[in-house]
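Have a look at the structure below, then the notes.
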Amino acid sequence: MPELPEVETVRRILEPQLAGRTVGTVEVYNEQIIAHPKAELFMALLQGQTIQKISRRGKFLTLHFESGDRLSLHLRMTGQLLVMPKGEPLEKHTHLILSLSDSNQLRYIDVRRFGRFWYFQKGETDTLTGQDALGPEPTDPILAADYLKSKLGRRKKTIKEMLHDQTVVAGIGNIYSDEILFVAGIYPGAKCDALSDADWERLASAIPEVILWGIDADQMTPEEYLRGKGKEYRNAEHLRVYGRAGQPCPACGEALCRKVIGGRSSTYCPNCQKAFPAGAGSLQVKSQGDNQA
DNA sequence: GGCCGCCTGAGC
DNA sequence: GCTCAGGCGGCC
């Protein structure tokens, strides 16, 4: 379900509810969500661990224990993480419950069961959030135009697809790639090797701007979070283009278009995000074999 | 590059 | 009944 801003919202809500608590019994109702190690060992290792803090890297959350062990997870499409009192009725599709020392429970609910948990013991290499697995955070100063250009400038894939590559930038998914490209004024189907220096500049500044804006717009109280069962976020109504095909562009009023790009539904403004911007004509010269008018 | 699998549910 | 969904890995 969530992208970086939503995962950060979950982290901020849960940290004060989890820090300092010790894990008691561990109940796994569906072993397929446990990616590492085997469910039996996973449960045994987890029991008795005291939670120090929760961090986020890209779309991954990590519970850090005082022992030095860590529990990392990814919510994928429909994962929900909730802290609630032991007596509350179980939501359908609850797959994991950790009882906490304050008589609350940390519950993992996931309709589609795409989400995954990994437990790493102290000293064990984290294969998920290491440097070769995840690129910089969107707010990392390294993410300037020259970084993007040197990393992507020769690629023939679309810029939208490359923004989804977690090794390039961590945390961007289908909503925020559309939002970022709208703010940057770049057509989502533009090939990376056709982007100009000015495009890379606007993209570099749009990435942190839009992500920070998303985190800010997501802010909510723990009560609101629980009421929305951890799946309703506040920013949806503020998104500029995502899910708004047919509606007027917030900048120019033209109807927003929807198109499948890189296999993902994409929404953009045909006027503000031109597929062939003026001045890019020389980039459209095709070799003879391509001309099949 | 595109397609499929993994899953269930919402909306049409 | 069909299509689609905010993710990601794998396959050809």
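Just so it is clear: chains get the letters A, B, ... in the order the sequence lines come, proteins before strands, and each one is counted from 1. The figures here come from the full heavy-atom set of this structure, side chains too, leaving out hydrogens, waters and symmetry mates.
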Does A/His164 or A/Arg112 map to a spot on DNA chain C nearer the 5' end, using the closest nucleotide for each?
A/Arg112
Should [X] and [Y] count as side-chain neighbours, where that means a heavy-atom distance under 4.5 Å?
X: A/Leu81; Y: A/Leu73; value: yes
X: A/Leu75; Y: A/Phe114; value: no
X: A/Thr139; Y: A/Ile207; value: no
X: A/Val26; Y: A/Leu96; value: yes

Pairs touching residues 54-63 of chain A that satisfy salt bridge (Lys or Arg N to Asp or Glu O under 4.0 Å), sequence neighbours left out:
A/Glu8-A/Arg56, A/Arg56-A/Glu137, A/Arg57-A/Glu137
Using the [atom1] atom as the point on both nucleotides, what is the distance between [M] and [N], in whole Å?
N: B/dG1; M: C/dA5; atom1: C1'; value: 23 Å
N: B/dG9; M: C/dC8; atom1: P; value: 22 Å
N: B/dC4; M: C/dC4; atom1: P; value: 13 Å

If you look at every strand shown and take non-hydrogen atoms under 4.0 Å, does [X] touch a base, only sugar-phosphate, or nothing?
X: A/Arg116; answer: nothing
X: A/Glu179; answer: nothing
X: A/Lys92; answer: sugar-phosphate
X: A/Gly263; answer: nothing

All side chain to side chain contact (heavy atoms under 4.5 Å, CB included) counterparts of A/Ser101, not counting sequence neighbours
A/Arg21, A/Thr22
Side-chain donor or acceptor of A/Gln166 paired with backbone N/O of A/Ile172 under 3.5 Å:
yes
Tell me which residues in residues 206-215 of chain A put a heavy atom below 4.0 Å from DNA chain C, sorted by number, or none.
none
Are the aromatic ring centres of [X] and [Y] under 6.0 angstrom apart?
X: A/His36; Y: A/Phe120; value: yes
X: A/Tyr187; Y: A/Tyr268; value: yes
X: A/Tyr29; Y: A/His95; value: no

Would you find more than 12 non-hydrogen atoms of other residues, nucleotides or ligands less than 6.0 Å from A/Glu40 atom CD?
no
May I ask you to check whether over 12 heavy atoms, not counting those of A/Gln247, lie within 6.0 Å of atom CD?
yes
For chain A, the stretch of DNA chain B it reaches, first to last nucleotide, under 4.0 Å of its heavy atoms:
B/dG1 to B/dG9
Does any residue of residues 125-138 of chain A have a heavy atom under 4.0 Å from DNA chain B, and if so, which ones, in number order?
none
Examine C/dG6: is either OP1 or OP2 under 4.0 Å from a nitrogen or oxygen in the side chain of A/Tyr176? Give yes or no.
no
Check the phosphate of C/dA5 against A/Ser265, side-chain N and O only, distance under 4.0 Å to OP1 or OP2. Yes or no?
yes
Interatomic distance, [X] [atom1] vs [N] [atom2] [rounded to whole Å]:
X: A/Asp165; N: C/dG7; atom1: CG; atom2: P; result: 13 Å
X: A/Asp178; N: C/dA5; atom1: CG; atom2: P; result: 11 Å
X: A/Leu75; N: C/dC8; atom1: CG; atom2: C1'; result: 14 Å
X: A/Gln166; N: C/dG6; atom1: CD; atom2: P; result: 14 Å
X: A/Arg264; N: C/dC8; atom1: CZ; atom2: P; result: 9 Å
X: A/Glu161; N: C/dG9; atom1: CD; atom2: P; result: 15 Å
X: A/His238; N: C/dG6; atom1: NE2; atom2: P; result: 20 Å
X: A/Lys59; N: C/dC8; atom1: NZ; atom2: C1'; result: 9 Å

With a distance cut-off below 6.0 Å to the six-membered ring centre and an angular limit of 45° from the axis, does A/Arg70 pair with A/Trp118 as a cation-pi contact?
no
Would you say A/Phe114 stacks on C/dG7, if stacking means ring centres under 5.5 Å apart and planes within less than 30 degrees?
yes
Passing option when A/Cys192 is tested against A/Leu148, A/Leu152, A/Asp199 for side-chain contact (heavy atoms from CB on, under 4.5 Å)
A/Leu152
From the options A/Pro136, A/Pro208, A/Ser205, select the one residue that forms a side-chain contact (heavy atoms from CB on, under 4.5 Å) with A/Leu143.
A/Pro136
Canonical and wobble pairing (Watson-Crick, G-U, under 3.5 Å) of DNA chain C, dot-bracket with |
|||||.||||||
